Amino acid sequence: TTLIDRVNHRSEMSLQIDAEIVAAVQFFNVGLVNQGFVVESSEGSAVTWTITFSRGELTGRVVFQTQGDVSQAVASVNAT
């Protein structure tokens with residue numbers, strides 16, 4: 001699902017990823033850096049993980065939760 005709030009300059013999307021949480025987190029960490037984002041923090045456990053990132057005025061967060069062999073990620077981006 002996707003949410004775009006043009007008034008508050010915020011976007012959010014929910015993804016279901018066919019991978020365990022460790023692989024999903026690694027994919028996002030590498031992908032964000034490759035796209036020019038700075039990963040401010042990346043921490044969590046085997047069941048939940050949070051990545052915070054930024055690029056210029058854009059800030060964002062990806063929260064992962066494991067559901068067995070599948071992971072769910074909720075990514076939110078806010079531009080000020």
Side-chain angles (χ1 to χ4, degrees):
T1 61
T2 304
L3 165 73
I4 299 173
D5 182 348
R6 295 184 199 284
V7 173
N8 295 308
H9 308 285
R10 178 178 162 88
S11 298
E12 185 175 285
M13 69 177 143
S14 177
L15 308 164
Q16 192 141 354
I17 304 164
D18 189 20
E20 293 182 7
I21 194 168
V22 173
V25 167
Q26 183 178 16
F27 176 81
F28 272 78
N29 274 325
V30 170
L32 285 165
V33 171
N34 285 341
Q35 292 300 315
F37 290 92
V38 175
V39 174
E40 306 286 341
S41 69
S42 180
E43 56 191 14
S45 67
V47 294
T48 185
W49 198 275
T50 301
I51 299 172
T52 57
F53 59 92
S54 64
R55 182 171 69 185
E57 295 182 0
L58 259 164
T59 59
R61 175 174 77 158
V62 184
V63 178
F64 298 87
Q65 291 188 338
T66 188
Q67 298 173 350
D69 291 342
V70 176
S71 299
Q72 180 179 6
V74 176
S76 56
V77 178
N78 194 20
T80 54

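These numbers come from a predicted model, not from an experiment.
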Say whether, by atom type as modelled, one donor and one acceptor occur between the side chain of T48 and the main chain of F64 under 3.5 angstrom.
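Here the side-chain-to-backbone pair exists.
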Is there a donor-acceptor pair closer than 3.5 Å between any side-chain N or O of S76 and the backbone N or O of E12?
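No, because the side chain of S76 does not come within donor-acceptor range (under 3.5 Å) of the backbone of E12.
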Do [X] and [Y] belong to the same hydrophobic cluster, where Ile, Leu, Val, Met, Phe, Trp and Tyr are linked whenever their side-chain heavy atoms lie under 4.5 Å apart, directly or via other members?
| X | Y | value |
| --- | --- | --- |
| F53 | L58 | yes |
| L15 | L32 | yes |
| F28 | V77 | yes |
| V22 | V30 | no |
| V47 | I17 | no |

Counting only pairs under 3.5 Å, give me each side-chain donor-acceptor contact of residues 36-44, with atom names and distances, residues two or more places apart or in other chains.
from, atom 1, to, atom 2, distance (Å)
E40, OE2, S54, OG, 2.6
S41, OG, T52, OG1, 2.7
S42, OG, N29, OD1, 3.4
S42, OG, N29, ND2, 3.0
S42, OG, W49, NE1, 2.9

Residues forming a side chain to side chain donor-acceptor pair (under 3.5 Å) with Q67, sequence neighbours excluded:
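In terms of side chain to side chain donor-acceptor pair (under 3.5 Å), with neighbours along the sequence ignored, Q67 is linked to Q72.
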Using the test side chain to side chain donor-acceptor pair (under 3.5 Å), find all partners of N34 that sit at least two apart in sequence or belong to another chain.
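For N34, no residue satisfies side chain to side chain donor-acceptor pair (under 3.5 Å) once neighbours in sequence are set aside.
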So, for A46 and T66, which heavy atoms are closest and what is the spacing to 0.1 Å?
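For A46 and T66, the tightest heavy-atom pair comes out as O-CG2, 3.6 Å.
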Can you give me the closest heavy-atom contact between S71 and I21, atom names plus distance?
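In terms of heavy atoms, the two residues are closest at OG-N, 3.1 Å.
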Give the C-alpha distance, both sets of side-chain angles, the deciding distance and a yes or no for side-chain contact (heavy atoms from CB on, under 4.5 Å) between E20 and D69.
CA-CA 5 Å; E20 293 182 7; D69 291 342; 3.5 Å; yes
